[in-house]
Amino acid sequence: MTIDLDHHRIVEIIRPIDSGMTEPVLCVLDDDLTYCVKGRGALAKGKIAEVISGVVGREIGLPIPDFSIANLSAAMIFQSGDEPNIRRIGAQPAFASLWKEPVDNFLIVMRTDFPARLLASVYVFDHWVRNGDRTLTEHGGNVNLLVNLGAKEKELVVIDHNLAFSPSYSVDDLSTHVGYPSWRNLDGRLQFSENLKASMLRARDKVQNISDSLPDEWLEEEPDFVDHALEALERVDGSEFWDELS
């Protein structure tokens with residue numbers, strides 16, 4: 001089964017976004033919506049990681065923004081190729097995540113503002129996709145969660161998965177994950193885990209042929225990355241995966 005990923009053309013570049021090593025750019029696409037666009041700085045493996053994480057994360061019910069593959073037109077590159085934001089995006093297809101605003105950064109005091117099962121799901125998800133980039137303690141961290149203030153009720157926004165499926169991921173860091181306390185203190189954790197696992201298995205099966213949907217340029221640059229990611233997703237079916245969470 002081929003996954004139908006949206007593809008859009010970048011029609012307006014608004015401004016760079018000051019956010020980490022990926023050097024994202026705020027853009028309007030041809031659907032008239034605003035997106036955070038990650039191009040050259042995310043590397044091919046980062047963009048593949050974003051897509052796979054986005055598909056499986058949304059499939060298990062996480063509030064990950066809509067996303068698409070975004071491209072600069074040849075004319076735009078030709079006319080403005082020396083412009084810094086054009087260089088940040090690059091000629092290859094980019095990853096575009098729907099922009100949410102107004103938003104606030106997730107703070108440790110906000111844990112009780114959201115369902116414990118949601119934060120526990122984020123915890124399990126990050127272990128699944130080998131994403132160690134969602135830490136938060138009383139001393140700070142890099143939480144990669146936002147709170148959408150424009151919704152009728154506070155809405156969690158789960159972002160930034162370009163470092164997923166990292167070979168340097170370590171289970172030793174799980175205790176500093178933002179969702180660890182929610183998982184540890186969760187009532188009915190056994191039933192919760194069984195239900196979540198069923199969703200994760202369906203999501204895993206959905207991305208088995210995801211290479212057919214990804215840009216050739218990404219796959220040529222990272223020919224083994226999809227197989228590496230799929231191997232990581234297979235762990236959900238083993239007891240060791242769940243034992244490591246505790």
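Values reported hereafter were calculated over all heavy atoms of this structure, with side chains retained and with hydrogens, waters and symmetry mates removed. Index from 1, following the sequence.
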Does atom [atom1] of [X] have more than 12 heavy-atom neighbours from other groups under 6.0 Å away?
{"X": "Asp4", "atom1": "CG", "result": "no"}
{"X": "Asp187", "atom1": "CG", "result": "no"}
{"X": "Glu194", "atom1": "CD", "result": "yes"}

Applying the 4.5 Å side-chain criterion to the ILVMFWY set and letting contacts propagate, would [X] and [Y] be lumped into a single cluster?
{"X": "Val103", "Y": "Phe67", "value": "no"}
{"X": "Ile86", "Y": "Ile17", "value": "no"}
{"X": "Phe241", "Y": "Val122", "value": "yes"}
{"X": "Leu118", "Y": "Leu146", "value": "no"}
{"X": "Leu163", "Y": "Phe95", "value": "no"}

Output, in order, the C-alpha distance, side-chain angles, deciding distance and verdict of side chain to side chain contact (heavy atoms under 4.5 Å, CB included) for Met200 and Val124.
CA-CA 10 Å; Met200 293 165 75; Val124 176; 3.8 Å; yes
May I ask you to decide whether [X] forms a salt bridge with [Y], counting only side-chain N to carboxylate O separations under 4.0 Å?
{"X": "Lys154", "Y": "Asp104", "result": "no"}
{"X": "Lys45", "Y": "Glu222", "result": "no"}
{"X": "Arg40", "Y": "Glu23", "result": "no"}

Between the side chain of [X] and the main-chain N/O of [Y], is any donor-acceptor distance below 3.5 Å?
{"X": "Ser68", "Y": "Ala70", "answer": "no"}
{"X": "Arg134", "Y": "Ile159", "answer": "yes"}
{"X": "Arg15", "Y": "Cys27", "answer": "no"}
{"X": "Tyr123", "Y": "Leu245", "answer": "yes"}
{"X": "Ser182", "Y": "Ala120", "answer": "no"}
{"X": "Arg189", "Y": "Trp183", "answer": "yes"}
{"X": "Arg88", "Y": "Val25", "answer": "no"}

Minimum heavy-atom separation for [X] to [Y], with atom names?
{"X": "Ser175", "Y": "Tyr180", "answer": "O-CD2, 3.6 Å"}
{"X": "Thr137", "Y": "Ile108", "answer": "C-CD1, 3.6 Å"}
{"X": "Pro102", "Y": "Asn148", "answer": "O-OD1, 3.4 Å"}
{"X": "Ala94", "Y": "Gly39", "answer": "CB-CA, 4.0 Å"}
{"X": "Ile64", "Y": "Ser53", "answer": "CD1-O, 3.9 Å"}
{"X": "Trp128", "Y": "Arg235", "answer": "O-NH1, 2.8 Å"}

Evaluate the criterion side chain to side chain contact (heavy atoms under 4.5 Å, CB included) for residue pair Ile210 and Val51; output intermediate values, then yes/no.
CA-CA 9 Å; Ile210 197 166; Val51 171; 4.0 Å; yes
Does the pair Asn162 and Lys47 meet the rule for a side-chain hydrogen bond (donor to acceptor under 3.5 Å, both in side chains), with working shown?
CA-CA 6 Å; Asn162 57 284; Lys47 291 179 279 190; over 6 Å; no
Side chain to side chain contact (heavy atoms under 4.5 Å, CB included) between Trp99 and Glu101, intermediate numbers included:
CA-CA 7 Å; Trp99 185 251; Glu101 61 179 357; 3.3 Å; yes
Quick one: does [X]'s side chain get under 4.5 Å of [Y]'s, heavy atoms only?
{"X": "Leu156", "Y": "Leu119", "answer": "yes"}
{"X": "Ile14", "Y": "Asn85", "answer": "no"}
{"X": "Val236", "Y": "Trp242", "answer": "yes"}
{"X": "Trp218", "Y": "Pro93", "answer": "yes"}
{"X": "Leu230", "Y": "Val207", "answer": "yes"}
{"X": "Ser211", "Y": "Asp227", "answer": "no"}
{"X": "Asp133", "Y": "Thr135", "answer": "no"}
{"X": "Glu155", "Y": "Lys100", "answer": "yes"}

Rounded distance [0.5 Å steps], [atom1] in [X] versus [atom2] in [Y]:
{"X": "Ser170", "Y": "Asp173", "atom1": "OG", "atom2": "CG", "value": "5.0 Å"}
{"X": "Leu5", "Y": "Ile69", "atom1": "CG", "atom2": "CD1", "value": "5.5 Å"}
{"X": "Leu136", "Y": "Leu107", "atom1": "CG", "atom2": "CG", "value": "8.0 Å"}
{"X": "Ser166", "Y": "Asn131", "atom1": "OG", "atom2": "CG", "value": "9.0 Å"}
{"X": "His177", "Y": "Arg184", "atom1": "NE2", "atom2": "CZ", "value": "14.0 Å"}
{"X": "Leu219", "Y": "Asp212", "atom1": "CG", "atom2": "CG", "value": "9.0 Å"}

Output field: ring centroids Phe125/His161 closer than 6.0 Å
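Yes - the distance between ring centres of Phe125 and His161 falls below the 6.0 Å cut-off.
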Under a 3.5 Å cutoff, is there a donor and acceptor pairing between the side chains of [X] and [Y]?
{"X": "His127", "Y": "Tyr169", "value": "yes"}
{"X": "His228", "Y": "Arg130", "value": "no"}
{"X": "His8", "Y": "Asp30", "value": "yes"}

I would like to know whether Val37 and Leu26 meet side chain to side chain contact (heavy atoms under 4.5 Å, CB included); could you show each step before the answer?
CA-CA 6 Å; Val37 175; Leu26 194 65; over 6 Å; no
Option among Leu33, Asp31, Val157 that satisfies the side-chain contact (heavy atoms from CB on, under 4.5 Å) test with Leu98:
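Single side-chain contact (heavy atoms from CB on, under 4.5 Å) partner of Leu98 among Leu33, Asp31, Val157: Leu33.
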So which of Arg202, Arg204, Lys206 actually passes side-chain hydrogen bond (donor to acceptor under 3.5 Å, both in side chains) with Glu59?
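Single pass found, and it is Lys206.
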